Structure formats: structure tokens, C-alpha cells
2 protein chains.
Amino acid sequence: MQTETWLDRFAGLARLEPPVRDLLLSRSAIIAAPAGSVIFGPGKSPENMLFLLDGVVRVQQVSESGHDIVLYRITAGESCVLTTACLLAYDDYAAEGIAETDVQAAAVPRDVFDELVAQSKSFRNFVFAAFSKRITDLFLMIDEVAFQRLDVRLADRLLKLSGGADTVATTHQKLAVELGTAREVVSRQLQEFQRRGWISQARGAVTLQDRAGILKLAQHHS
Amino acid sequence: MQTETWLDRFAGLARLEPPVRDLLLSRSAIIAAPAGSVIFGPGKSPENMLFLLDGVVRVQQVSESGHDIVLYRITAGESCVLTTACLLAYDDYAAEGIAETDVQAAAVPRDVFDELVAQSKSFRNFVFAAFSKRITDLFLMIDEVAFQRLDVRLADRLLKLSGGADTVATTHQKLAVELGTAREVVSRQLQEFQRRGWISQARGAVTLQDRAGILKLAQHHS
DNA sequence: AGCTTACGGTGACAATGTCACCAAAGGATA
DNA sequence: TATCCTTTGGTGACATTGTCACCGTAAGCT
């Protein structure tokens, strides 16, 4: 009989071999970070691989030109393989991870990570699956940025950011960074959405009035 | 004393432990593919991890909308980690690998790959470094597609495709796929380049007349 | 030769990005 | 409260890029 541990929050780690479980549990530390803190970034490469237990981490890229773009988010139950990649420190990439909420994570040191990969087939599968998903997601993102219309992307992003809630607390500027475009462009599109009765706006907030209408546009993906 | 093997073409594999070397050599097969053949792609997922010994493989994405874009190239001495990712078959991604030249590669079966990762620290470093580089490259690409001016990207791509040669044998359409844009846009930009005396054009060929001028534009990256 | 396809040119227009502003809202402080 | 200051968002002019509907020519094929 095994007591519940943080491992159980990760589908891919549930069936680890007992000795591997023990190694992972005994050599990892639970860490916490407040909302808004920078988990990793240029000049602040993480010493550990992170398993996110609670909260959301936003990974975004800062271009030399001052342009930002959100690359992806890590939610609870996901691992931050990118920090793994960063552990190997290919070169300091310009991406940074920012806690969007208060965050809890299990930190696994580099050498433990290496040992786990060596010893456990399940762990290997977990790690490679995470890499694989990350890369295919990046492929999809490239496709979107290169070829998808902005109104479609914005509609899609609004729905995702709402998470089912009625209103999204964000600014035009932040939405622009989500999509890698300019604030003015977002403002224009939101005006058009409003004109169609899909949303209403307030300072720092977008309220979804007609989910169906937005969804119909967003689905031009398929 | 060890005779020369294909392993020596890979910087990261040169110092593998002897038993690991032997495993890799004995369980891998040298395969060849003619220029133009599809190495992997939708509905044709590779059974093996590939180490490219000779030639160039172009990896490009095919969008539902019919838009293509070149993601990256694999040159001799590089491994196709993506095929590794694909081995795990997250889901059939829409990317395909096409031999741009006649190609030779060492094919390592999936189970051998897994065993190598388990047994050799050097091999693990090699694999994770490859993943890491691929992901950081994709980050750079997203930045480029989202924020870089098209003339800068085209200039840069022309120089890279030339590989030092005077003329690049390609069509406007192919250059458009390189950049993920439309053929007409490439045509216009090339006309402008020609007007400036940087290039001259023929059907299916672009001749670089003023590398310095092109380079100056391309370097607006930095 | 005739046919077919690939290649490239062109103009009009739409969508998106950039720039230089402005005004209003909210927060901080004297 | 009055005053500043920052953040947020609006606007118009313009540049760049994407899309569409064409066209003519070059190259390959039979």
C-alpha cells in the first residue's frame, strides 16, 4: 500500500517502478513561487527539471526588437521539459517562464534526472512524450502564425483564455503579445467583434456575449 | 585501435563507450534514398531513428489550407531527433522529410535507441542536446516568422541556400515555401533586389551579383 | 508542330503592421 | 482635494504583406 504522492498527478509517472518512485520522491524538493515571478529566463537558467503541481506558467519569447510572443503554457500535471533542454544549456535562449498564478512544483536536480532516464523505461517514455508533444505543438504554432488569419486566432485565444468564464481579464496589449501582433491590431479586431455583438469591453476586461459567434469564427482552423 | 566507422562523423558520438559503440554499429543498418524521395511523412512514420551520413533532408510542414513552409534542414552529421519524437507517435504530425539530395543514413531501431539511452550517458547527452537545439531553433523561427520583415528573411535565405555559390537554382514558388509566404510576394521582392543590382534572374535561377548588399540587409537580424 | 504544364508578371484590393498622435481612466502623492 | 503620472485604449495615415484573377512565355512532351 502506497500513500498518495505528487507523482500521482502525472499520468505518465503513475506506474513507475517502486525504486524509481522512491528515488524521485527522496531527491526532489517541493518549491513554490508567487504569481508574477520569473521561473526561468535569460540569465536565470534553472538548475532543476520542474514538475508543475499547481498553477500555470506562461512561456514567452522576448525578441531583440522588443516584440514579445507567448509560446505556450504549462499547466499542473505537465513537466517543463524545456527547462530540461535548458539544463543542457545549448545556448541561452531568449524565452522566459513566468508564473501566471501562485505555483507549486517538484524540482528534480539535473543528475537525478539523468539517473532516472537511465534506470526507468517508463520515465524515458514520459520524457520523450513530453518533448514530442512540445515539438508538434510548436509546429502547429508556426503554422498558425504564418498562415492563420488574425481574427480567427484572436477568437480562438479569447475562448481559451476565458476557460469557460464569461469575462477575460486582460488588456489589448496582453492579447497582442498572446498573438505576436500589435496592440492597435487587437483593438481594431475587438471593435469589430463588439460591433457584431460578440463581446463587450471595459478597461482591462473583455466580456463574451456570444460564445457561439466567436466559436464559429475560431473554428475556421479545421 | 579502432577502425573508422560512421560514428566518427558525429561529434557527439565520438567518445561513446566501446560496448555502446558496438551495440550501435551492430544493430544499425545503412540505408540510402534517392534525391526527392520522402523519408518520412504523414502516414509514413519511420520505424527507425536516423543518423544522416550524407546528403540533406528538408523538413517541411503541409498545412490543411495547402500552405507549405520549410521548418528546417538536417545535414550530414546530424540526427533526426524528430523521427525519434515521431517514433513515440504522439499523433501523426503534418511534417514531412524530403531528401534534397541522394541520402545515406544509419537507421537505429526503436528498441535499440531506447537501450542506448538507458546505457550510455554520452548518448543521452547527444540526444538531449539534439532536442534542445531543435527546440531553440524552432523558437527562433517563430520569432522570425512573426516579426521579421520579409525582405530581410529573403535576403538571409538566399545567402544560406547559395552555400557560397554564385547562383541559387530555385523557383519563386520554392522560395515562397521556404519563407511561408506567397509566390507573388517573392517575385516582387526579387524584382526589387534586381532593381538594386543585387541579383539577376533567369527562369529557375537567381544569381547573386552583390553579396555584400544582400548581406547588409540580411544582417538586420542582429 | 501542337499540347500541356511550370514559371513568372501584373494590377487591384484586402489584411496586417507601423507610426505618431490623442484622450480618458485609474493610481499615487502632496 | 488637486495635481501628476502611468496605463489603457482610440484614431488616421501610411507601409508592408497576402490574396485573387488574370496573362504571357518558356520548357517539356508526344
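Residue numbers start from 1 in every chain, and the chains themselves are labelled A, B, ... in the order their sequence lines are given, proteins ahead of strands. Worth saying up front: this structure is predicted, and the values here are computed from it rather than measured.
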**Prompt:** Counting N and O atoms only, with roles assigned by atom type, does the side chain of R124(B) sit under 3.5 Å from a partner on the main chain of V117(B), one being a donor and the other an acceptor?
**Reply:** yes
Would you kindly give the [atom1]-to-[atom2] distance between [X] and [N], to the nearest whole Å?
{"X": "L150(A)", "N": "dT18(C)", "atom1": "CG", "atom2": "P", "answer": "12 Å"}
{"X": "D151(B)", "N": "dG18(D)", "atom1": "CG", "atom2": "P", "answer": "11 Å"}
{"X": "H67(A)", "N": "dT16(D)", "atom1": "NE2", "atom2": "C1'", "answer": "13 Å"}
{"X": "Q173(B)", "N": "dA6(C)", "atom1": "CD", "atom2": "C1'", "answer": "10 Å"}
{"X": "F147(A)", "N": "dT16(C)", "atom1": "CZ", "atom2": "C1'", "answer": "16 Å"}
{"X": "I69(A)", "N": "dG17(C)", "atom1": "CD1", "atom2": "P", "answer": "10 Å"}
{"X": "Q148(A)", "N": "dT16(C)", "atom1": "CD", "atom2": "P", "answer": "10 Å"}
{"X": "R153(A)", "N": "dG18(D)", "atom1": "CZ", "atom2": "C1'", "answer": "15 Å"}

**Message:** With the threshold set at under 4.0 Å for non-hydrogen atoms, list the residues of residues 176-188 of chain B touching DNA chain D in residue-number order.
**Reply:** T181(B), E184(B), V185(B), R188(B)
**Complete:** Judged by nearest nucleotide, the residue sitting upstream toward the 5' end of DNA chain D, Q194(A) or R203(B), is Q194(A)
State whether [X] places a side-chain N or O below 4.0 Å from either non-bridging phosphate oxygen (OP1 or OP2) of [N].
{"X": "H172(A)", "N": "dT7(D)", "result": "no"}
{"X": "Q191(B)", "N": "dT10(C)", "result": "yes"}
{"X": "Q189(B)", "N": "dT17(D)", "result": "yes"}

**Message:** Ring centroids only, cut at 6.0 angstrom: are F123(B) and F128(B) within range, meaning strictly under it?
**Reply:** no
**Asked** For the residue pair F126(A) and F131(A), is the inter-centroid distance of their aromatic rings smaller than 6.0 Å?
**Response** no
**Complete:** Contacts of A146(B) and G204(B) projected onto DNA chain C by closest heavy atom; the upstream (5') one is G204(B)
**Pair of N/O donor and acceptor under 3.5 Å linking dA15(C) base with R149(A) side chain** = no
Side-chain H-bond candidate by donor/acceptor type, [X] with [Y], under 3.5 Å:
{"X": "R183(A)", "Y": "T171(A)", "answer": "no"}
{"X": "R153(B)", "Y": "T181(B)", "answer": "no"}
{"X": "H172(B)", "Y": "Q201(B)", "answer": "yes"}

**Request:** For the pair F10(B) and F51(B), name the ring-plane relationship: parallel under 30°, tilted 30 to 60°, perpendicular over 60°.
**Result:** perpendicular
